[in-house]
2 protein chains.
Amino acid sequence: MSAIVTAEGAQRRDPERTKREILEVATAEFAASGFAGARVDRIAELTRTTKRMIYYYFESKEGLYLQVLEKAYALIRTVERELDVAGLSPVDGLRALAEFTYDHHTSHPDFIRLVNIENIHRAQHISQSTIIHDLNSTAIDTLDGLLRRGIAAGEFRTDIDALDLHAMISAYCVFHVANRYTFRTLFGRDLLEPERHSYYRRLVGDMIVATMTDLHRPDLVPPQSTREQQTSTE
Amino acid sequence: MSAIVTAEGAQRRDPERTKREILEVATAEFAASGFAGARVDRIAELTRTTKRMIYYYFESKEGLYLQVLEKAYALIRTVERELDVAGLSPVDGLRALAEFTYDHHTSHPDFIRLVNIENIHRAQHISQSTIIHDLNSTAIDTLDGLLRRGIAAGEFRTDIDALDLHAMISAYCVFHVANRYTFRTLFGRDLLEPERHSYYRRLVGDMIVATMTDLHRPDLVPPQSTREQQTSTE
DNA sequence: TTCACAATGTACTAACTAGTACGTACTGAA
DNA sequence: TTCAGTACGTACTAGTTAGTACATTGTGAA
């Protein structure tokens with residue numbers, strides 16, 4: 001065992017903590033300023049250690065950014081597993097999943113910002129990542145299960161699949177976090193105002209359930225893509 | 001009148017064209033790389049003129065970026081006025097507006113990217129702009145009119161206002177453009193694939209109409225915000 | 001035709017910023 | 001107690017980048 005803490009309580013050496021601290025500070029910095037706007041010196045300043053260590057552990061600014069993204073995605077996937085809809089009806093489960101996603105996204109704005117930043121860069125960094133691709137989404141599997149049950153019960157539309165449904169839910173939740181600032185500036189309404197939180201959360205549930213249970217119109221023709229790539233679990 | 005074209009067809013002087021060309025190139029550059037990632041030298045290179053003229057007409061990189069934003073928003077507001085729903089029923093008008101917005105957003109990806117970039121910067125630039133705030137949205141007025149007619153006819157829910165409805169529509173449309181890259185990387189589906197366009201367009205219409213005409217559940221309590229700012233037309 | 005001024009080009013600079021050379025000290029194993 | 005290797009700090013650099021000093025030319029009005 002290493003003697004990390006001295007008599008005065010000051011740390012000597014602790015590589016794990018150093019790495020973790022750099023990642024935490026870097027997450028905030030990249031989320032706040034984007035990749036090009038982020039400053040390696042600023043990250044170093046907010047750490048107990050120096051810039052030298054960033055390059056020692058992460059090779060480059062880009063390497064650091066990639067690990068920030070990977071850690072952020074891994075965290076999200078972990079949280080997704082917390083939701084259990086097995087005991088709920090398809091309609092209630094769908095609502096629970098949508099509202100859970102809303103709570104989750106609104107309480108992790110830095111993650112949403114990082115995803116936005118990565119989209120500005122056309123996902124060039126995460127497409128290089130080996131681990132993010134393997135990190136398959138629990139949310140899709142959960143949605144898929146709910147969808148099958150709801151369709152079997154004759155309660156759901158049959159022409160929307162789990163991926164497009166996921167896009168609908170994400171769209172609503174991401175927008176509230178990501179476009180908060182321009183929306184407020186243009187329209188004078190803060191989409192993340194605490195007083196509105198429960199209202200917006202129920203609204204996304206209403207929206208998704210109303211859409212999926214609306215059986216009165218002719219089905220859409222679900223597109224059959226030739227180029228679509230299958231994910232690794234299928 | 002100025003003699004702009006010489007015998008060989010080469011331009012001599014044309015301040016308006018110079019300004020316009022800088023703005024066009026700058027729009028693409030900022031949309032592609034963000035504010036910090038954009039390079040003034042690169043913008044100058046793609047222009048017939050030199051970097052000197054950028055500073056001559058726009059003062060600074062920030063000044064240029066602000067005018068890019070202002071011009072982009074002005075263009076959007078112009079396009080919004082093209083839609084006329086006066087002759088349509090509330091339900092049909094609402095669907096038309098949602099699907100129009102989808103077409104519009106998917107055909108102006110640079111604008112969506114600029115808005116995203118501005119949100120990364122917490123809208124700090126457009127909040128300084130004097131003209132963007134005055135540029136009130138036609139979309140909101142159109143939505144408000146449809147909402148009143150639909151509510152009067154007993155066809156619409158009464159607990160969702162024009163601004164929140166606009167947020168729902170925008171969310172869906174913006175997400176497809178803005179999050180295209182990470183979505184494709186993570187799930188293998190391209191949200192802007194041409195074969196899927198008509199499907200996704202009708203889906204946003206279905207979603208909005210289904211949500212607004214779903215009268216079977218108890219109303220939400222519309223939040224009464226004390227801090228909300230009124231826009232200038234009210 | 002003249003002239004004041006707007007428009008433009010060239011060449012430069014100060015400051016910043018990612019990244020590194022080099023040296024030291026801590027640590028655990030033998 | 002020694003020692004090899006990991007962890008760390010200081011001080012530096014090469015290249016980039018926003019911004020400018022200065023000179024020049026085109027242009028429309030008088």
Side-chain angles (χ1 to χ4, degrees), chain A residues 1-27 29-30 32-68 117 121 124-125, chain B residues 1-27 29-30 32-68 117 121 124-125:
Chain A
M1 293 292 280
S2 60
I4 282 165
V5 181
T6 64
E8 297 84 15
Q11 274 77 25
R12 285 289 183 78
R13 283 189 173 188
D14 190 350
E16 288 312 311
R17 173 167 173 175
T18 302
K19 262 186 268 188
R20 180 164 27 89
E21 202 187 353
I22 291 172
L23 271 176
E24 279 168 17
V25 174
T27 300
E29 172 73 6
F30 283 122
S33 307
F35 178 73
R39 295 288 165 254
V40 178
D41 283 303
R42 211 181 312 159
I43 294 169
E45 270 171 35
L46 294 172
T47 298
R48 279 176 305 103
T49 186
T50 64
K51 186 164 59 155
R52 176 72 186 78
M53 299 317 292
I54 293 175
Y55 289 93
Y56 185 69
Y57 286 120
F58 301 96
E59 295 251 339
S60 63
K61 185 184 181 180
E62 210 168 335
L64 176 59
Y65 173 68
L66 185 57
Q67 286 213 31
V68 163
I117 288 161
H121 298 288
Q124 62 173 113
H125 305 97
Chain B
M1 290 294 279
S2 60
I4 283 166
V5 182
T6 64
E8 297 84 16
Q11 274 79 27
R12 286 288 184 75
R13 282 189 173 187
D14 190 348
E16 288 312 311
R17 173 167 173 176
T18 302
K19 261 185 268 187
R20 182 164 26 90
E21 203 186 352
I22 291 172
L23 272 176
E24 279 168 17
V25 174
T27 300
E29 172 73 6
F30 283 122
S33 308
F35 178 74
R39 295 288 166 254
V40 178
D41 283 303
R42 211 182 311 160
I43 294 169
E45 271 172 33
L46 294 172
T47 299
R48 281 175 306 102
T49 186
T50 63
K51 186 164 62 156
R52 176 71 185 78
M53 298 316 292
I54 293 174
Y55 289 94
Y56 184 68
Y57 286 120
F58 302 96
E59 295 251 336
S60 63
K61 184 183 182 182
E62 210 169 336
L64 176 59
Y65 174 68
L66 185 56
Q67 288 213 32
V68 163
I117 289 161
H121 298 287
Q124 63 171 113
H125 306 98

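Throughout, a chain's letter reflects where its sequence line sits, starting with A, and its residues are numbered from 1.
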- [ ] Check the distance between D/dG26's P and B/E16's CD and give it to me in whole angstrom.
- [x] 20 Å
Open item on the list: Using heavy-atom distances to pick each residue's nearest nucleotide on DNA chain D, tell me which of A/K51 and A/Y57 is more 5'.
Closed with: A/Y57
- [ ] Could you please name the option among D/dA18, D/dA7, C/dA18 that lies closest to any side-chain atom of A/D41?
- [x] C/dA18
- [ ] For B/E21 and C/dA7, give me the distance from atom CD to atom C1', rounded to whole Å.
- [x] 15 Å
Open item on the list: Looking at D/dC8, I'd like to know if its phosphate oxygens (OP1 or OP2) sit under 4.0 Å from a side-chain N or O belonging to A/R52.
Closed with: no
Task: Closest-nucleotide ordering on DNA chain C, the 5'-leading residue of A/E59 and A/R39 - done: A/R39
Open item on the list: Could you tell me how far apart B/I54 (CD1) and D/dA18 (C1') are, to the nearest whole angstrom?
Closed with: 11 Å
Open item on the list: Using a 4.0 Å heavy-atom cut-off, does A/A36 contact any base of the nucleic acid, only the sugar-phosphate backbone, or nothing at all?
Closed with: nothing
Open item on the list: I want to verify a distance call: between D/dT10, D/dT20, D/dA7, whose nearest atom is closest to the B/Y55 side chain?
Closed with: D/dT20
TODO: Give the C-alpha distance, both sets of side-chain angles, the deciding distance and a yes or no for salt bridge (charged side-chain N to carboxylate O under 4.0 Å, His left out) between A/R42 and A/E45.
DONE: CA-CA 5 Å; A/R42 211 181 312 159; A/E45 270 171 35; over 6 Å; no
Open item on the list: Salt bridge or not between B/R48 and B/E21? Use side-chain N to carboxylate O under 4.0 Å.
Closed with: yes
Open item on the list: With a 3.5 Å distance limit and no angle check, can you tell me whether A/K61 reaches the backbone of A/A38 through a side-chain donor-acceptor pair?
Closed with: yes
TODO: Using a cut-off of strictly less than 4.0 Å, decide whether A/T49 has a side-chain nitrogen or oxygen near OP1 or OP2 of D/dG9.
DONE: yes
TODO: Look at the side chain of A/R13 against the base of C/dA25 and say whether a donor-acceptor pair falls under 3.5 Å; ignore hydrogens and angles.
DONE: yes
TODO: Could you check how far OH of B/Y56 sits from P of C/dA6, rounded to whole Å?
DONE: 6 Å
Open item on the list: Could you check whether any side-chain heavy atom of A/S33 comes within less than 4.5 Å of a side-chain heavy atom of B/H121, counting everything from C-beta outward?
Closed with: no
Task: B/D14 CG - C/dA6 C1' separation (whole Å) - done: 13 Å
Open item on the list: Counting only side-chain nitrogens and oxygens, does A/T18 get under 4.0 Å of the OP1 or OP2 atom of D/dC8?
Closed with: yes
- [ ] Figure out the CD/P separation between B/E62 and D/dT17, and round it to whole Å.
- [x] 18 Å
Task: Candidates C/dG9, D/dC8, D/dT17 - which lies nearest the side chain of A/P15 - done: D/dC8
- [ ] Return the value, rounded to whole Å, for the distance between atom CD of A/E45 and atom P of C/dT17.
- [x] 11 Å
Open item on the list: Given C/dA18, C/dT10, D/dT6, identify the nucleotide with an atom nearest to the side chain of B/T50.
Closed with: C/dT10
Open item on the list: Counting only side-chain nitrogens and oxygens, does A/S60 get under 4.0 Å of the OP1 or OP2 atom of C/dA18?
Closed with: no
Open item on the list: Applying side chain to side chain contact (heavy atoms under 4.5 Å, CB included) to B/Y55 and B/V40, what does each step give before you reach the verdict?
Closed with: CA-CA 10 Å; B/Y55 289 94; B/V40 178; 3.8 Å; yes
Task: Atom pair distance, as rounded to whole Å: CE in A/M53 and P in C/dC26 - done: 14 Å
